[in-house]
Amino acid sequence: MSTEDLLAVVRAPAGLGLADAERAWAVPARDAAAAAEVLARLESERSPRWVLWSAEDLLGPLLDAAPDLRLARAWDLAAVCRLLEGGARDDPSAVVAAAAGLDPGAAPAAGQLDLGGLVEEAGGAGDGGAGGPLRADGHLRADWADGAWAASPASAAAWAELALATAGRQREQLTGPSASGRAGPLHTAWSESAASLLAVELGTSGLPLDVGVAAEVLDRLVGPPAGTEREAAAQRAARDAPVLRLLGDATVDLRNPAAVRAALASRGLDLPDTRSWRLEQLAAAPGAHPVLAALVGWRQRERFAVAHGHRWLAEHVAGGRLRATWSASDGGAGRMTATGGVHSLPRELRPAVRADPGHLLVRADLGQVEPRVLAVVSGDEGLVRAAAAEDLYSPVARRLGVGRDVAKVAVLAAMYGQTSGAAGAALAGMEREYPRATGLLVEAARRGAAGEDVRTAGGRRVRGHRPEDVPVEAGTAALDAHRQALAARGRYTRNAVVQGSAAELFKAWAATVRARLLTSGPSPSERDGEVVLCLHDELLLHVRADAAERVARDLVADLDAAAARWCRAVGGPPVRFTADVAVVEDWSQAKG
DNA sequence: TGCGTTTTGTTT
DNA sequence: GATTAAACAAAACGCA
């Protein structure tokens with residue numbers, strides 16, 4: 001492993017290119033173009049691993065002005081803090097506290113008046129205008145967290161130096177005794193940081209979306225766009241009319257679930273709720289009231305119009321790009337998430353996700369990631385062998401002596417904590433034939449139910465929540481609720497170790513793909529293409545048409561490399577990972 | 001009036 | 001009877 005050349009960078013309102021700093025840089029905040037120039041020069045001269053307080057905060061505004069800037073490698077202090085702590089806070093105060101082994105809860109929150117720090121001022125690191133960045137107790141000074149570090153070039157330098165020192169401390173935690181000699185957590189820090197860079201880039205460049213195609217789809221499914229509020233109301237009324245006629249009551253508010261439920265009840269249909277699957281079930285029965293089917297259809301159209309209608313299109317799509325805000329690691333398991341409806345784009349709209357002229361999309365789906373990841377983290381020999389097959393569920397079905405469908409349900413039920421129905425029966429076979437895999441899941445669930453933390457393969461901490469004590473005199477209802485809450489926490493942690501580890505493998509792959517694309521050319525137009533969507537187990541790339549076949553081949557090679565590295569780093573056996581890759585013009589087209 | 005909760009539905 | 005996880009997002013209701 002080569003020694004890393006760490007360079008820290010911050011954006012200061014005044015001054016740039018700190019004369020006294022070899023490794024700590026401040027770039028001008030006002031002049032984004034100049035800042036991007038400095039970064040691009042350092043990137044090409046020294047190809048450092050950039051230490052950033054947060055890629056989102058630093059790079060987001062910078063890319064708005066200089067969208068072509070690409071940093072190859074980073075150490076994102078916020079991302080690594082989330083990884084190590086599993087908490088929600090990742091601001092500099094919390095990052096510094098966690099890296100120093102202090103209680104992040106005691107760290108000053110942004111905007112908080114910090115009298116204690118002002119009184120007992122400390123020497124600390126650096127020598128900014130008003131003392132160093134740290135208080136005597138090791139916490140970050142509140143005024144520095146609020147931006148006082150930007151007062152002078154010297155204090156900006158101290159702020160960047162603190163970033164370097166903090167990265168060093170995080171690194172020690174990642175490689176320390178708790179890592180037990182494994183490189184997993186360090187690798188995760190790198191790939192999570194790369195994912196942070198990617199998240200900012202995805203937000204800036206957006207997903208190619210053909211507005212004409214989208215508008216056609218919307219016209220067909222929900223009608224033309226409404227120019228005025230009156231028109232919108234008229235369209236709503238027109239959509240409602242047939243259902244209300246069948247209902248025989250024009251006063252029912254179809255958008256109010258309680259009103260719908262009451263209306264159905266008065267016609268002899270007493271339902272616990274009005275969810276679509278329930279309505280569909282009833283509508284399919286012989287002699288069913290025709291309003292049920294009508295209501296289901298109405299719901300689909302209404303849902304589409306509200307969530308992904310013309311308003312959505314106008315709000316989120318501009319210049320042929322659907323833009324969203326991306327998070328590199330969200331929720332307990334650390335998946336990538338996006339706003340703007342990007343991750344729940346209805347199938348009907350996928351034809352609109354279309355490559356620009358002269359370009360193609362390359363889509364790649366991981367096959368059965370979660371059971372394969374379970375094979376790695378558990379080291380279960382039987383599951384590792386099953387993963388050697390293109391279709392993992394076939395060998396599992398043979399071993400359990402059941403059909404493939406049942407085997408699939410059993411594997412998923414084990415990972416998600418399902419105990420009832422057909423899955424419950426198949427589960428016994430899983431425990432018998434794959435004891436290490438199920439054992440790991442049961443232990444994760446036990447820890448969750450006991451309020452203990454669990455960790456993903458790459459070392460992400462998933463916090464348990466301490467169960468609240470139930471009063472001894474509590475009734476059966478309260479006890480039941482308590483038991484249910486414990487079971488839910490168990491399912492949560494059981495799922496998090498698999499889903500979270502899968503997210504890490506996915507990001508390692510995405511980071512590898514991104515790195516290769518960056519080396520394919522010196523400027524965006526000369527490169528093969530770029531990643532435009534990450535969807536849990538699917539990558540979508542927008543590439544030059546002449547490079548598409550090569551990129552598609554490379555995606556598979558990158559998966560092999562990333563997966564082999566990841567298996568080794570987390571201390572698991574080598575497990576086969578597969579991907580379906582296809583070169584397509586739009587996202588709706590079939591996989592390879 | 002505003003904010004938090006409930007209901008619903010889409011994706012993986 | 002009972003249905004497994006995670007996200008984002010909108011509208012309506014309920015409470016203060």
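Numbers restart at 1 for each chain; the letters A, B, ... are given by sequence-line order, proteins then strands.
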Closest to the A:Arg303 side chain, choosing from B:dT8, B:dT12, B:dT10 | B:dT10
Classify the nucleic acid contact of A:Arg494 as base, sugar-phosphate or nothing, counting any heavy atom under 4.0 Å across all strands shown.
-> nothing
Looking only at atom P, what distance separates B:dT7 and C:dT3, rounded to whole Å?
-> 15 Å
Have a look at A:Arg255 and say if it touches a base, only the backbone sugar-phosphate, or nothing, with a 4.0 Å heavy-atom cut-off.
-> sugar-phosphate
Show the numbers, then the answer: is there a side chain to side chain donor-acceptor pair (under 3.5 Å) between A:Arg82 and A:Ser329?
-> CA-CA 8 Å; A:Arg82 290 196 301 273; A:Ser329 62; 2.8 Å; yes
Residue A:Arg311, side-chain atoms from C-beta onward, closest of C:dT3, B:dT8, C:dA11 | C:dA11
Sugar-phosphate only, base, or nothing, as touched by A:Trp312 at under 4.0 Å among non-hydrogen atoms = nothing
Distance below 4.0 Å between A:Arg335 side-chain N/O and C:dA6 OP1 or OP2 | no
Whole angstrom value for the distance that separates C1' of C:dA12 from CZ of A:Arg299 | 13 Å
Spacing of A:Asp273 atom CG relative to C:dG1 atom C1', expressed in whole Å | 14 Å
Please measure how far the P atom in B:dT8 lies from the corresponding atom in C:dA2, and state the result in whole Å.
-> 15 Å
Provide, to the nearest angstrom, the distance between the CG atom belonging to A:Asp330 and the C1' atom belonging to C:dA9.
-> 14 Å
Between CG of A:Leu221 and C1' of B:dG9 the distance, given in whole Å, is 16 Å
Stepwise side chain to side chain donor-acceptor pair (under 3.5 Å) check, A:Arg303 with A:Ser276 | CA-CA 11 Å; A:Arg303 158 79 194 173; A:Ser276 286; over 6 Å; no
Looking at C:dC8, B:dT8, B:dT11, which one has an atom nearest to any side-chain atom of A:Arg347?
-> B:dT11
In whole angstrom, what separates A:His536's NE2 from C:dA5's P?
-> 16 Å
Counting any heavy atom closer than 4.0 Å, what does A:Asp253 reach on the DNA or RNA strands: base, sugar-phosphate only, or nothing?
-> nothing
When you match A:His343 and A:Ala258 each to their closest nucleotide on DNA chain C, which lands nearer the 5' end?
-> A:His343
For A:Ala496, which contact category applies under a 4.0 Å heavy-atom criterion: base, sugar-phosphate, or nothing?
-> nothing
Whole-Å gap separating C1' (B:dT11) and CD (A:Glu538) | 11 Å
How is A:Arg261 classified with respect to the nucleic acid when contacts are heavy atoms under 4.0 Å: base, sugar-phosphate, or nothing?
-> nothing
Integer-rounded Å distance: C:dA5 P and A:Tyr492 OH | 12 Å
Base, sugar-phosphate, or nothing for A:Arg350, non-hydrogen atoms under 4.0 angstrom?
-> sugar-phosphate
Between C:dA5, C:dC13, B:dT12, spot the one nearest the side chain of A:Asn256, thanks.
-> C:dC13
If you check the A:Thr337 side chain, which of B:dT12, B:dT8, C:dC8 turns out closest?
-> C:dC8
Would you check if the side chain of A:Ser501 reaches a backbone N or O of A:Val498 as a donor-acceptor pair within less than 3.5 Å?
-> no
Of A:Glu315 and A:Arg491, the one whose closest DNA chain C nucleotide lies more 5' = A:Arg491
Taking the inter-plane angle between the rings of A:Trp509 and A:Phe506 on a 0 to 90° scale, is it parallel (under 30°), tilted (30 to 60°) or perpendicular (over 60°)?
-> perpendicular
For C:dA9, does OP1 or OP2 lie under 4.0 Å from any side-chain N or O of A:Ser344?
-> no
Test ring-ring contact (aromatic ring centres under 6.0 Å, His included) applied to A:Trp587 - qualifying residues, sequence neighbours left out | none
Between C:dA7 (P) and A:Trp326 (CH2): distance, integer Å = 16 Å
Partners of A:His310 by ring-ring contact (aromatic ring centres under 6.0 Å, His included), sequence neighbours excluded?
-> none
With no hydrogens and no angle check, is any side-chain donor or acceptor of A:Arg239 less than 3.5 Å from a backbone partner on A:Trp298?
-> no
Which nucleotide in the set B:dT11, C:dA11, B:dT10 lies at the smallest distance from any side-chain heavy atom of A:Val306?
-> C:dA11
